[in-house]
2 protein chains.
Amino acid sequence: MLATAFTPAEGENMKIGELAGVTGTPVETIRYYEREGLLAAPARSEGNFRIYADAHAERLSFIRHCRSLDMTLAEIRELLRFKDVPTGNCGEVNTLLDAHIGHVAARIRELRALEKQLKSLRERCHEAQDAAHCGILNELSQTSRNGTKKAGHLGSVHGNVRNVMA
Amino acid sequence: MLATAFTPAEGENMKIGELAGVTGTPVETIRYYEREGLLAAPARSEGNFRIYADAHAERLSFIRHCRSLDMTLAEIRELLRFKDVPTGNCGEVNTLLDAHIGHVAARIRELRALEKQLKSLRERCHEAQDAAHCGILNELSQTSRNGTKKAGHLGSVHGNVRNVMA
DNA sequence: CTTGACTCTGTAGTGGCTACAGGTTGTCAA
DNA sequence: TTGACAACCTGTAGCCACTACAGAGTCAAG
């Protein structure tokens, strides 16, 4: 209380840019989480700016930490639910996490198989020749009936997740 | 020519459903590839149905094979360009493939690090207790400043790619 | 009083499909 | 002949987790 002008970092009354800096989250993403109901709508200043308290920073950190562990927002929503009911039993947290670890392990297995296939494909052409005789292009034209990439809800090698980095 | 009613599978004059069956590709996806310019628009029947020849099936197989290797449509577009110019040099094919192998390897490394983090997190809570004391939830609330998940254009564990399977 | 950094809302785009809605065409049996 | 039904057509919206604007408002410093 009575925090007025100072405390520029991690103070009680942050504007969105400061929260962004403190948590390493783009401003747009914070507003997105609010729209999605992951982060409660904060108080507003006279000029309609969002004013965040430490509790918001904490919750946002939780969310970002989970995201850095590649959990979906749905999974995070679930975890937040458990977090918000402290009397509840955390067995389901374990279950959720185990399931997530399973997803990651499955994706690693898939990617390893993929890597093997790609390397074997690469073996088919070692030097640059004319494309008509390129073993790689010819091999790719074969109608192979191998059912890789079943379902697993895992994600492509090339990514949607750009960078959290900061 | 003079193929009339018979040749139900892999004949010269397929309708979209048959092409879908032959290549294991959903009908909607075939139309999508056409819109995207990956697959040439085929001839049309009197009743405006798409009529495909074997060349289309071959090209679609190529595309699907590449997709099963988790290449992006942009990468596939490039490969098709090389394929369409048979006099061209395939050195760039090698380059593209090497880059793609690099992406996969990088993603595997990332996921292994992720798996390790998740397992260590899981260690924090072995039995179901009340959520307020759950080591996992508490750990996730920590503001850790580790910059996993840089960029790499790799993809989440949970996936956009549903299933190609058939 | 002006500049410029920050904030606001709302909307559109990303990739690679998928899932409709609402219509047309083709095929077969009764 | 009719009537049912599958397969086809176009067009549009939705998925996920953001990202990137446009166009307007707010605020502190010089």
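All chains are named by letter (A, B, ...) in the order of the sequence lines, taking the proteins before the strands, and each is independently numbered beginning at 1.
Candidate nucleotides C:dG16, D:dC8, D:dC18 were compared by shortest atom distance to the side chain of A:R64, and D:dC18 ranks first. Checking D:dC27, D:dC21, C:dG16 against every side-chain atom of A:E28, the shortest atom distance belongs to D:dC21. You'll find that the side chain of B:T72 is closest to C:dG16, out of C:dG16, C:dT18, D:dT10. Proximity note for B:R50 (side chain, C-beta onward) versus D:dT10, D:dA20, D:dC8: the nearest is D:dT10. Candidate nucleotides D:dA17, D:dC9, C:dT9 were compared by shortest atom distance to the side chain of A:R67, and D:dA17 ranks first.
As a whole-Å value, the separation of B:L73 CG from C:dT14 C1' is 13 Å. Put simply, CD on B:E36 is 10 Å from P on C:dT14, counting in whole angstrom units. Atom pair B:I30:CD1 and C:dT18:P shows a separation of 12 Å (rounding to whole Å applied). Per the geometry, CZ belonging to B:F49 stands 6 Å off C1' belonging to C:dG26, to the nearest Å. Note: OH (B:Y32) to C1' (D:dG14) measures 14 Å, nearest angstrom. The separation between B:E46 atom CD and D:dA7 atom P is 22 Å, rounded to whole Å. As a whole-Å value, the separation of A:N48 CG from D:dC27 C1' is 14 Å. Whole-Å rounding puts the B:M71 CE to C:dC17 P distance at 14 Å.
Side-chain atoms of B:R77 come within 3.5 Å of backbone atoms of B:E36 as a donor-acceptor pair (strictly under, hydrogens ignored). No donor-acceptor pair under 3.5 Å is formed between the side chain of B:T25 and the backbone N or O of B:G21. In this structure a side-chain-to-backbone donor-acceptor pair under 3.5 Å is missing from B:R64 to B:R67.
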Step by step, would you call A:H100 with A:D70 a side-chain contact (heavy atoms from CB on, under 4.5 Å)? CA-CA 9 Å; A:H100 186 57; A:D70 231 344; 4.3 Å; yes
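Applying the 4.0 Å criterion to OP1 and OP2 of C:dG16, one finds that B:R77 has every side-chain N and O outside that range. One finds a side-chain N or O of A:Y33 lying less than 4.0 angstrom from the OP1 or OP2 phosphate oxygen of D:dC18.
Ranked by how close their nearest DNA chain C nucleotide is to the 5' end, B:R35 and B:K15 are led by B:R35. Residue order along DNA chain C, read from the 5' end via each residue's closest nucleotide, puts B:R31 first among B:S45 and B:R31.
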